[in-house]
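Residue numbers start from 1 in every chain, and the chains themselves are labelled A, B, ... in the order their sequence lines are given, proteins ahead of strands.
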Number of protein chains: 2
Amino acid sequence: MNGRTNVVVVGAGFGGLAVARGLADAPVEVTLVDRNNFHTFQPLLYQVATSGLNPADVAYPVRGIFQRQRNVRFRRATVTGVDWEAGEVTVDSGDPLAFDHLVVAAGAEVNDFGIPGVAQHGFPLYVLPDAVHLRNHILGRFEAADADPAAVDDGALTFVVVGGGPTGVEVAGALVELIDKVLHRDFRGSRFDVRRAHVVLVEMLDDLLPPFRPGSRRYARSTLAARGVEVRTGTSVAEVTATRVRLGDGTEIPAHTLVWAAGVKAGALATALDVPTGRGGRITVAPDLRIAGHPEAFAIGDIAAITAGDGSLLPGVAQVAMQSGHHVATLIQRGVVGEGDAHAPFRYRDKGSMATIGRRSAVTELGGGIRLTGTPAWVAWLGLHLVYLMGFRNRVSVFVNWAWNYLTWDRGARLILGSGEGERGTTSTGSDPEA
Amino acid sequence: MNGRTNVVVVGAGFGGLAVARGLADAPVEVTLVDRNNFHTFQPLLYQVATSGLNPADVAYPVRGIFQRQRNVRFRRATVTGVDWEAGEVTVDSGDPLAFDHLVVAAGAEVNDFGIPGVAQHGFPLYVLPDAVHLRNHILGRFEAADADPAAVDDGALTFVVVGGGPTGVEVAGALVELIDKVLHRDFRGSRFDVRRAHVVLVEMLDDLLPPFRPGSRRYARSTLAARGVEVRTGTSVAEVTATRVRLGDGTEIPAHTLVWAAGVKAGALATALDVPTGRGGRITVAPDLRIAGHPEAFAIGDIAAITAGDGSLLPGVAQVAMQSGHHVATLIQRGVVGEGDAHAPFRYRDKGSMATIGRRSAVTELGGGIRLTGTPAWVAWLGLHLVYLMGFRNRVSVFVNWAWNYLTWDRGARLILGSGEGERGTTSTGSDPEA
């Protein structure tokens, strides 16, 4: 082609973007490929799901992100596999992508652990359409209760959130806020009692937020409880139907909504690559993040089984994806330029964790033993996210929405739209030749 | 129920909202019903379709709009018919809605005039999902060209817009802007030549913008042409397939996109009501907008055949909907209170027309012979829309997006998302009990 080293990066999530950005000054051509033409800021998906933000506020067109980085091209496609011999990534549309180096950053999938009914009836929260679908469903349940108040007895307004990690805690906290502060006004005068809406947070372990210290965990639990969330730890889910959730202890909860935030596993691509994988199907990597048996390829982020210093697996969080992506970019550049250790091991630096519980309430644990709770933690959380988002042009509307929401409790994103909903009032189906 | 007069308003568009707002001080209970839980600001749909605005920027939750108006309730449902004897509106979910007065404001549907292929392959632009679907398709065609440049020869980047009225003109103008100013940068370095993208505007009559004066029409035509739109007047469409558009003169254009902005007819509800209808299936109304044979019911806006002073039918535009809605509210209030002429005829006051052609370019004709073109017209157009939108809280993000777009040409809404697109990378289908 052009004599330059071709680097193909599969996935435009936190990891893939870090690799592409990290190679800005390297003498390589980067091709970033993703099934969507946008990057999703996943930490805020729970806000989309609870009508706090609009979908477009957390989605950034990849072509726009790299408009000024001349050595990055983008291909919108779903990767179907890798032809290792030919050194090509095969895709569902168009020509395969030839590579000299490959970085697999395709992320994870929801893991239902084989529990009956979760796949068919559960609402995951891992990608943007999940959040839109869940939002439409939540609002739809309130509309359904308004149309037929008897549905409330059947569980229309009972929302079970499974998973006591940051995602589950954030969803549960934001959901009670949506119900208490906003929907209660939207449905004033309706034929059902909004106060019957109920949120249950279910966690299999004995406590919420495992990565956090006891003080933070207690704060999160008591804050959620004070806001009306029924917290059930040491509880598992045995089965899910469209209207019922059966717990491990035999209890059956009438509920039309089960949010599944209980775990992920490696994305399907890990299996398709025919490479060694470890726990959760995650790709086995060497200390320098190279894929076993394929020295020209790396795996990073949620799809990779990256071992920490103590032998444990690193969690599938944004920090790990970003740092591992940056590390791989460094190694590739060193290898191409011929300077430095192109096989240096990856060392993860845990900079802390944050989780919000609601308005002006969060838990934050940073390096150096700094632990915050309540409003200071929420401010730190907000600040960090704003700094990250500032890196993306045109995100002013996100801040405006947030500011408005904070001042007025008015969650403007209360639309039942998208994910197939919102009928077109026409006779035309407008079919798409590419569908 | 409560002894107060019940007014049911079918449709939360411009007309329905005007009725509900107009009855704010009347001793009545208003029930507004719509298949969507949001009102759509239709004049800006073409901006959503061309990635200038996000869907949520032009959609306003109805419950939010009427939060402070105590005598308005909302029901999200699709109206299936009216039981005139029982005085009830039947809906697809929940109990029927009893009324003392009924206002039918259900709007229009796209009219394909029976032209083969339009219903299956055309992209209308009447409701919000239409705009999202069209946007995704347009962006998708560019991605498809990037994956396989040969598709360009097949018409992947040829966009035919049918209809030379304001909607068609606005779409065509915004589309060339999107291509020339934004997508050309997004697809820099791609394997196809963005300059091959082409917009054709087809109009059956001999000129564009029939409601405007010759000076405005000439301006619109020359401006579009100067910006690269191929304007074909006196041309009709004979047939449409997924990849070809055959014109009335036999010419065949390879094109993967046909935007159908050529006409509407009354919504299906008009037929279901079993009342006299006129041209285009629109409901026949008396001078006071009452439905023939049903003195307790009114029809307004696009679904009604409202006659102007000169005997012609009023067009299906926002002004007509708003004024007719306000008139009906006045009549209902007079009837309930027992003061004033509850059968006063409706008199439409044409306050002028506006159409944008692109950035800083529009045609505006206001009352009193004021005619503007170019930047002044665009400013007037912008100002009028902002004033209208100001009436809706939480629309600050719209202004911000617009301002950003104006300053930077960066259309931030370049997402392929919604209307079923955007795969969920999980094994769960998250099925919805209400689906």
Within-4.5 Å side-chain heavy-atom neighbours: B:R414 and A:F38: no

Look up atom NE2 in B:H39 and atom CG in A:L415, then write down how far apart they are to the nearest 0.5 Å. 12.0 Å

Which atoms of B:F66 approach chain A - backbone, side chain, both or neither, heavy atom under 4.5 Å: backbone

Only pairs of heavy atoms separated by less than 4.5 Å count here; which of B:V62, B:T241, B:T257, B:D95 has the most with chain A? B:D95

Measure the CZ-CZ distance between A:F142 and B:R63 for me, rounded to the nearest 0.5 Å. 10.5 Å

Do B:L128 and A:L417 come close enough that some side-chain heavy atom pair is under 4.5 Å? yes

Could you check which of B:G94, B:S93, B:A147 has the highest count of heavy-atom pairs closer than 4.5 Å to chain A? B:A147

Is A:R75 close to B:D146 at the side-chain level, that is, under 4.5 Å between some pair of heavy atoms? yes

To the nearest 0.5 angstrom, please state how far the CZ atom of A:R35 sits from the CD1 atom of B:I416. 14.0 Å

If you count heavy-atom pairs under 4.5 Å with chain B, which of A:N37, A:V91, A:D148 comes out on top? A:N37

Compare every heavy atom of B:V182 with every heavy atom of A:Q67, then report the nearest pair and how far apart it is. NE2-O, 4.5 Å

Under 4.5 Å heavy-atom distance to chain B, tell me which part of A:R188 shows up: side chain, backbone, both or neither. side chain

Quick one: does A:R73's side chain have a donor or acceptor within less than 3.5 Å of a partner on B:S190's backbone? no

